[in-house]
Each structure stands twice: as structure tokens, then as C-alpha cells.
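Because only heavy atoms are used, hydrogens play no part in the values below, and waters and symmetry mates are left out as well, while side chains stay in. Residue numbers begin at 1 in each chain, while the letters A, B, ... track the order of the sequences.
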Number of protein chains: 2
Amino acid sequence: MKTSTTSTTYEAILETAYRLFAEHGFDKTSMAIIAKEIGISKPALYYHFKSKEAIIDVLFDEICKSITFANFFSIEQYSKDNFEEKLIVDGLSIIQSQTEDEYYSRIMHQYQALGYRNPKYMQKLIESLDGFTTGFHELLRHGVSLRVVKDGDTLAHAQMLTMIIDGIDNFMTYGFQCRYDKIWAKTVKSIVRGE
Amino acid sequence: MKTSTTSTTYEAILETAYRLFAEHGFDKTSMAIIAKEIGISKPALYYHFKSKEAIIDVLFDEICKSITFANFFSIEQYSKDNFEEKLIVDGLSIIQSQTEDEYYSRIMHQYQALGYRNPKYMQKLIESLDGFTTGFHELLRHGVSLRVVKDGDTLAHAQMLTMIIDGIDNFMTYGFQCRYDKIWAKTVKSIVRGE
DNA sequence: GTCTATAGCCTGATAGAC
DNA sequence: GTCTATCAGGCTATAGAC
């Protein structure tokens, strides 16, 4: 998310909706409020998006695109020498990027709640999780082949890394005071070095 | 949750609301639908609860009461001989209990979304997380004093355990196929044995 | 592309009888 | 404790003018 500067009405709608949805929830953010906040009328809004759900869907697509595994980890850059350190640093960069967008977790929780009721969202959420576990799995196997990661149940380890990344984000959004860097580093080291 | 058999109207309201809220969300579950599902009228519902929010609040209190650390872990039962194994088993029992209530995670995600907008819910959610980290922290320090847990940053380790429990629950609700038992056991062992 | 006006529905909540 | 009837207000979405 975070489109640079608002130029078109279309972009203004997406940015404003993103913020209002995060702040007040999908249900409590009416089309009228979104329109008023931008300074246009409700029908003008409907000119750009055929329904409220359409806005929600477009936003979800954009969010999903911005949080792929490949955006944060480049397997080819991992070598025998930098493996553990780079995995720690790249992981922290995810955490960092989520700190910078205060609305991300708030709105994501809502898509998760939607997912339980609507397969359309559920599917993408699972794809996203799957992308991370698959990515970590490849990365770890690469590490094994480099002989810098101890061989073991790399799939379970990949799932564990995904879970911790997800959990850290979750905790952070609550302003829960944790040594997040330490937790991530500890997890990575434990997995790389193999218990 | 899960009151045995429904005897009073009051209990019927709570049980039905719990299920409908989990299935369709707070906003999309109207007082009329709840009343209809039970077989009473809307005003009858308002006789027992002064507002929709009152139902949501009572449900949240009950849920919070049922997921305290002490309900799953009894520090005094942990000895030098059974420590690691018992920590694994007790952790799995949480995961197990959440499998048995298919609605738990669904409704919990909604309270989390509410928490971002309403300090009333936020506070209890944080208290709950805090209860687990504090509990694990005590447990780990107990383990250290028993010389069965390697000394280290027990607070960070306690937060890590909380995060994994939370994350496992999260993943499970999506029907994500994981070796949850393996992930939990791996985490516990890594922490108990110290890296 | 944007507007005013409004249709049509659903909502939370209540008045008042039994 | 439970009912029928009802209200006031908010909602999504659209018709039709500019």
C-alpha cells in the first residue's frame, strides 16, 4: 500500500477507503463517509467502483501483491557466508515494513475475519501463507545444499518461520512490548543450527 | 464456551449469538436474526440484554475467562523429570481444545478487530496475552531453578512460546496443513535445551 | 465525471398490551 | 417474560440532470 501522491479520484478513493476501513472497519465505514472524506458525492464514488465490495476487493489484491515472499527474500543472494545473518536481516525488514504502515495489520485482521465467511478472501490468505512457507522451504533447502543449514524437517521449520513472522506482526500491532528482534533471531538460529 | 445444555432463555441467547457471530460476524448478525433463531421475539431479547453490545461484551468476558494460562498449565505439577514433556503435552492440549470449538478462532478474530477501535476490548486482549507470557515466564524460571531449563533470556523465550501457541491456532483455523505438534515440540525443546 | 434527490431495505431499539 | 407493532435513522445503490 501507500501510493505516493494522490493524483486521480480513483487513487484517492482507494487511499481514503484503506485508511477509513482500517480505522473503523468495513461495516462501519459507509460509502457516504468515504465520499465525504474525499470531497466528492456518493454517486461519483459509484462511478469508479460498482460497489463497496469492489473497493474492498481491489484493496485486498493490492495488499496481497505487496506481501509476497519474493518481495523480502531473494534466494539467489543467500550464500554460505551470509546465510544466517541475511535471513535474520531480511526477516526484520518485513517487521520493519509493517511498522511503517500503521493500518496494515488492522485491515488485515478484517480480511482474515472475512475469510472465514467468504472463500474468495480465504483462498488468497491461504495462498499468501503458502507463499511464505514454500519460500522459506526453498530457502532452507538451499541452505542445506550449501551445508550451512543443518538438515532436518525443513518443511516444519519453514512453517515455524512463517508462524513467527505472522505472530510478531500480530503482537506488534497491539503495542505489546517484546524483544521482537531477539525472538526472530533466536528462531532463525535455532532452525539453521538445528536445535 | 460451550455451555452444556440450554436451559434458560438467557443461556440460549448467549449460545446462539456466539454461533451466529462466529459464522456471520457481529455486524451481519442482527438482533432480529438471533431472536428468530431461538424462536423468541426481538423485544424478548432486549429484556435479557439491554443492547447488542451487551451480548458481545458478556460473550467476550466468558471467552477470556476460559483461556487463562492457569487453565492449561499448573506450575506446581512441573518437576525435573517431567518438565519438557509436560510443557509439550500441556501446550498441545490448548491446541486440542481450540480444535474442539470450531467457532473460537473465528469470533476471536473479530474481537481482535474490535480491539483496534475500542480500548475496552484491546485491554482484555492484551491482558490475556500478558497472562500467557507471564505464565510461561514463571514456568521457565521454575524450570531454570530445577536446572532442567537452560538459563537465558526467559522473558523472550516466554514471549516466543506465546507467539507460537497463538500462531498455531491462527494457522489451524484456516485449515492450513501443518505438523503443529512437531512445531510446538521443536519450539519447546529449542527453548528448554537452550538453542 | 460529478451532481441532487430518492428509492428501498434493514437496523437497533422501544411502547404498550398480555 | 414475552408479544405485536412501530419508529427513526442509516445503509447500498441508482435515476436522471449537467
Side-chain angles (χ1 to χ4, degrees), chain A residues 3 5-61 106-107 110-111 113-118 120-121, chain B residues 3 5-61 106-107 110-111 113-118 120-121:
Chain A
T3 320
T5 39
T6 300
S7 46
T8 67
T9 303
Y10 181 87
E11 285 164 9
I13 293 171
L14 286 179
E15 285 175 31
T16 305
Y18 182 74
R19 179 170 53 81
L20 292 178
F21 284 154
E23 282 174 354
H24 310 111
F26 294 137
D27 290 290
K28 295 222 157 41
T29 302
S30 68
M31 292 296 263
I33 291 175
I34 297 173
K36 192 179 177 185
E37 184 85 6
I38 304 172
I40 60 173
S41 68
K42 220 172 5 161
L45 218 161
Y46 276 96
Y47 172 82
H48 294 280
F49 294 90
K50 72 165 188 179
S51 68
K52 186 175 175 178
E53 194 179 353
I55 302 181
I56 294 175
D57 288 359
V58 170
L59 282 177
F60 193 39
D61 283 347
R106 300 189 178 212
I107 209 165
Q110 296 181 60
Y111 283 110
L114 272 190
Y116 293 135
R117 289 167 245 145
N118 190 327
K120 177 171 63 178
Y121 303 106
Chain B
T3 320
T5 38
T6 300
S7 47
T8 68
T9 301
Y10 181 87
E11 285 163 9
I13 294 170
L14 287 180
E15 285 174 32
T16 305
Y18 181 75
R19 179 170 53 82
L20 292 177
F21 283 154
E23 282 175 353
H24 310 111
F26 293 137
D27 289 290
K28 295 221 158 42
T29 303
S30 68
M31 292 297 262
I33 290 174
I34 297 173
K36 190 180 179 185
E37 184 85 7
I38 304 172
I40 60 174
S41 68
K42 213 166 23 151
L45 220 160
Y46 276 96
Y47 172 82
H48 294 280
F49 294 90
K50 72 165 187 178
S51 68
K52 187 176 177 178
E53 195 180 353
I55 302 181
I56 294 175
D57 288 359
V58 170
L59 282 176
F60 192 40
D61 282 348
R106 299 188 178 213
I107 209 165
Q110 296 182 59
Y111 282 111
L114 272 190
Y116 293 134
R117 290 167 244 144
N118 191 327
K120 176 171 64 178
Y121 303 105

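- Looking at residues two or more places apart in sequence or on another chain, you find a side-chain contact (heavy atoms from CB on, under 4.5 Å) between A:E53 and A:S51, A:D57, A:N118, A:K120, A:Y121.
- One interatomic measurement links the two molecules: NZ of B:K28 to P of C:dC9, which rounds to 18 Å at whole-angstrom precision.
- Remark: C1' of D:dG10 and CZ of A:F26 are 20 Å apart, rounded to the nearest angstrom.
- One atom, NZ of B:K52, and another, P of C:dT14, lie 15 Å apart when rounded to the nearest Å.
- Judged by distance alone, the side chain of A:K28 and the main-chain N or O of B:D27 form no donor-acceptor pair under 3.5 Å.
- Between the CE atom of A:M31 and the P atom of C:dG8 there is a distance of 20 Å, rounded to whole Å.
- Rounded to an integer number of Å, the gap from NZ of B:K36 to P of C:dT11 is 11 Å.
- The side chain of B:Y47 places an N or O atom within less than 4.0 Å of a non-bridging phosphate oxygen (OP1 or OP2) of D:dG1.
- Distances shown here put a side-chain N or O of A:Y46 below 4.0 Å from the OP1 or OP2 atom of D:dA13.
- Residue B:H24 contributes atom NE2, which lies 17 Å from atom C1' of C:dT11 at whole-angstrom precision.
- Qualifying side-chain contact (heavy atoms from CB on, under 4.5 Å) partners for A:A17, counting only residues two or more places apart in sequence or in other chains: A:F21, A:I34, A:I55, A:L59.
- In this structure, B:K42 has no side-chain hydrogen bond (donor to acceptor under 3.5 Å, both in side chains) partners at least two apart in sequence or on a different chain.
- In terms of the side-chain contact (heavy atoms from CB on, under 4.5 Å) criterion, residue partners of B:D61 (sequence neighbours excluded) are, by chain and number, B:K124.
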Shorter than 3.5 Å, N or O on both sides, protein versus nucleotides 3-9 of chain D: list them out with atom names.
unit_1	atom_1	unit_2	atom_2	d
D:dC3	OP2	B:S41	N	2.5
D:dC3	OP2	B:S41	OG	2.7

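- Scanning for ring-ring contact (aromatic ring centres under 6.0 Å, His included) contacts around B:Y47 gives an empty result, with sequence neighbours left out.
- One finds no side-chain N or O of A:T9 lying less than 4.0 angstrom from the OP1 or OP2 phosphate oxygen of C:dG1.
- Rounded to the nearest 0.5 Å, atoms NE2 (B:H48) and OG1 (B:T9) are 4.5 Å apart.
- Between B:S30 and C:dT11, a side-chain N or O to OP1/OP2 separation shorter than 4.0 Å is present.
- One atom, CG of A:D27, and another, P of C:dT11, lie 11 Å apart when rounded to the nearest Å.
- Rounding to whole angstrom units, CG of residue A:L45 and P of D:dA13 are separated by 11 Å.
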